[in-house]
Chemist: 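Can you read through this structure? Questions will come right after.
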Amino acid sequence: MKKYTIAVVGALGNVGTEMRDILEKSELPIGDLVLMDVAQNTGKKVRWRDAEYSVIEAKPAAFAGVDIAIMSAGEKASLELSPEAVNLGCVVIDNSTAFRMVPEHPLVIPEVNADSLENHRGIIANPNCSTIQMLVALKPIHDKYRIKRVIVSTYQAVSGSGQAAVDELQKQTHAFANGEEILTEVYPHQIAFNILPHIDLFLENGYSKEEMKMILETAKILDPKIKITATTVRVPVTTSHSESLNVETEKSFEIEEIKTLLAASPGIELEDDPANNVYPLALNATGKDAVFVGRIRRDFSTDNALNMWCVSDNLRKGAALNTVQIAQELVKRDLVRVP
Ligand SMILES: NC(=O)c1ccc[n+]([C@@H]2O[C@H](COP(=O)([O-])OP(=O)(O)OC[C@H]3O[C@@H](n4cnc5c(N)ncnc54)[C@H](OP(=O)(O)O)[C@@H]3O)[C@@H](O)[C@H]2O)c1
């Protein structure tokens, strides 16, 4: 079987670290692993499987001989390095926002729209973390009952803003407990013991960029006919995003049918036994691969509608795991080539 050289760019970051962990246990036929990061980290040693790897600087020439590059170093690095990598024959799977809404580049969640990989031109975009978990949960419902409208409210973990935000939550919590001054650097307000209805920049239409990402990416990945509105919120949780989903369908359903359907669908785990306090929790989802759904109940305010709670690890299914699954799908379909 052919083996592939895989590069992780931003290999020492939050998502890059999860990526190395997932690749270590994955069944991808990896011949060699190339770890790239900023120049200052050149030469840092990382153990992976049974060997020690040296981090190299992410620059165009470093992509020669790489089959698949997983970019996880921010939008600027993706925009600069991805076209150069593709010119060298490397297929890029990009975690940033750089290429998500470019029509010719597929935006892929393997459980939802893997077929869109077939016509890729060298760059495949990984969707926003909040979109990924929502669409894994919605896809089976849409296939069977046709979704008309979705109202989503998110409760997003600070690790979605990188390691600096994780550090800020810890420092503020410590300062609060010790009666010390609370300093804010990453967010415009204190995040410890607070909730911020603000993720990414605000746009002229009153929505945040994060909210618009969920709306536009749903249209590209699942169905442009679905009406969707979003409110995205940062909460003082380290890892795993939670979402409240209100879903209206064209066809009628029984709640038990929805539970059975979701429990049997790829990538989903049903945790729905409220009488015994069983429902998805951020702490329990962290470090796991699934999208957890629960609190599934009828919305009595209108016809054919339901509410549910959806939780997933934003660094794994929301980022690193989804990119590795895309790489697996490319290998399975023999699509590791630049047309
Ligand atoms: N965290 C999430 O939930 C999530 C979800 C989906 C997508 N993403 C995306 O994934 C990417 C990484 O996120 P993260 O949370 O892992 O951020 P992070 O913890 O800040 O890690 C980014 C890593 O990339 C390095 N880097 C920065 N510029 C680089 C360059 N030009 N070339 C090579 N390496 C460079 C950084 O080094 P320095 O620290 O020295 O700058 C750091 O090691 C971002 O595009 C983010 O939008 C994140």
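Just so you know, ligand 1 is whichever comes first in the structure, and atom 1 is the first atom listed for that ligand.
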Chemist: For atom 10 (O) of ligand 1, grab the closest protein heavy atom and report residue, atom and distance to one decimal in Å.
Modeler: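 So the nearest neighbour among protein heavy atoms is S72 OG, 3.4 Å.
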
Chemist: I'd like to check whether H241 has a polar contact with ligand 1, where a contact means an N/O of the residue lying under 3.5 Å from an N/O of the ligand.
Modeler: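 In this structure, H241 places no N or O atom under 3.5 Å from an N or O of ligand 1.
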
Chemist: Considering heavy atoms of the protein only, find what lies nearest to atom 24 (O) of ligand 1 and give residue, atom and distance to 0.1 Å.
Modeler: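 Heavy-atom neighbour on the protein nearest atom 24 (O) of ligand 1: G10 CA, 3.3 Å.
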
Chemist: At what distance is the nearest protein heavy atom to atom 4 (C) of ligand 1, and which residue and atom is it?
Modeler: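 Scanning the protein heavy atoms, the shortest distance from atom 4 (C) of ligand 1 goes to V15 CG2, 3.9 Å.
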
Chemist: Please tell me if atom 26 (N) of ligand 1 is touched by the protein, where touching means a protein heavy-atom distance below 4.0 Å.
Modeler: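 There is a protein heavy atom less than 4.0 Å from atom 26 (N) of ligand 1.
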
Chemist: Are I109 and K317 side-chain neighbours, meaning at least one heavy-atom pair lies under 4.5 Å?
Modeler: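 Yes. Closest side-chain heavy atoms under 4.5 Å.
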
Chemist: Which ligand 1 atoms does L12 reach within 4.0 Å, using its non-hydrogen atoms?
Modeler: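 Near L12, the atoms of ligand 1 are 43 (O).
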
Chemist: Would you say atom 21 (O) of ligand 1 has a protein heavy atom nearer than 4.0 Å?
Modeler: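 Yes, there is one.
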
Chemist: Looking only at protein heavy atoms, identify the closest one to atom 41 (O) of ligand 1 and say how far it is in Å.
Modeler: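 Answer for atom 41 (O) of ligand 1: V38 CG1, 4.4 Å.
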
Chemist: Could you see which bit of S161 sits under 4.0 Å from ligand 1, with heavy atoms only: side chain, backbone, both or neither?
Modeler: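 S161 to ligand 1: no contact under 4.0 Å from either part.
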
Chemist: If you look at every heavy atom in S312 and A290, which pair is closest and at what distance?
Modeler: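 Smallest heavy-atom distance, with atoms named: OG-O, 3.1 Å.
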
Chemist: Looking just at side-chain N and O atoms, do N307 and D299 make a donor-acceptor pair shorter than 3.5 Å?
Modeler: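 Looking only at side-chain atoms, D299 and N307 do not form any donor-acceptor pair under 3.5 Å.
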
Chemist: Are any of the N/O atoms in E75 less than 3.5 Å from those in ligand 1?
Modeler: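 No, no N or O pair falls under 3.5 Å.
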
Chemist: Say whether K44 and S54, considering side chains only, have a donor N or O and an acceptor N or O under 3.5 Å apart.
Modeler: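 S54 and K44 do not have a side-chain donor-acceptor pair below 3.5 Å.
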
Chemist: With a 4.5 Å heavy-atom cut-off, do P106 and N119 have their side chains touching?
Modeler: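 No, every pair of side-chain atoms sits at 4.5 Å or beyond.
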
Chemist: Just by distance, do the side chain of Q133 and the backbone of H241 share a donor-acceptor pair under 3.5 Å?
Modeler: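 Indeed, once roles are kept as given, a pair shorter than 3.5 Å links the two residues.
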
Chemist: Closer than 4.0 Å and a protein heavy atom, does any atom meet both conditions relative to atom 46 (C) of ligand 1?
Modeler: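 Flag for atom 46 (C) of ligand 1 set to false, no protein heavy atom closer than 4.0 Å.
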
Chemist: State whether a side-chain donor-acceptor pair under 3.5 Å links H189 with N194.
Modeler: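 Side chains of H189 and N194: no pair found under 3.5 Å.
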
Chemist: Provide, to 0.1 Å, the distance between atom 31 (N) of ligand 1 and the closest protein heavy atom, together with that atom's residue and name.
Modeler: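 Sorting protein heavy atoms by distance from atom 31 (N) of ligand 1 puts A77 CB, 3.4 Å first.
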
Chemist: Nearest protein heavy atom to atom 17 (O) of ligand 1, by residue and atom, and its distance?
Modeler: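 That would be G162 CA, 4.3 Å.
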
Chemist: Relative to ligand 1, is A73 under 4.0 angstrom through side chain, backbone, both or neither, heavy atoms considered?
Modeler: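 Both of them.
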
Chemist: Side-chain donor-acceptor pair under 3.5 Å between N95 and T323, yes or no?
Modeler: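 No, no side-chain donor-acceptor contact under 3.5 Å.
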
Chemist: Decide whether a cation-pi geometry holds between K251 and F253; the criteria are a distance under 6.0 Å from NZ or CZ to the six-membered ring centre and an angle within 45° of the ring axis.
Modeler: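 Not flagged: K251 not positioned over aromatic ring of F253.
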
Chemist: Flag G74 as yes when one of its N or O atoms lies below 3.5 Å from any N or O atom of ligand 1, and as no otherwise.
Modeler: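 It does: an N or O of G74 is found under 3.5 Å from an N or O of ligand 1.
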
Chemist: Heavy atom of M36 under 4.0 Å from ligand 1?
Modeler: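 Flag not set, M36 not near ligand 1.
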
Chemist: How far does CD of E269 sit from CG of L262, to the nearest 0.5 angstrom?
Modeler: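 Here the interatomic distance stands at 12.5 Å.
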
Chemist: What residue and heavy atom of the protein are closest to atom 36 (C) of ligand 1, and at what distance?
Modeler: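 Closest protein heavy atom to atom 36 (C) of ligand 1: D37 OD1, 3.7 Å.
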
Chemist: May I ask you to test the V152-S130 pair for a side-chain heavy-atom distance under 4.5 Å?
Modeler: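 A side-chain contact is absent here, since even the closest heavy-atom pair is not under 4.5 Å.
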
Chemist: Closer than 4.0 Å to some heavy atom of A58 - which atoms of ligand 1 meet that?
Modeler: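 Listed by number with element, the hits are 32 (N), 33 (C).
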
Chemist: Who's the nearest protein heavy-atom neighbour of atom 5 (C) of ligand 1, and how far?
Modeler: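 The answer is A319 CB, 3.6 Å.
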
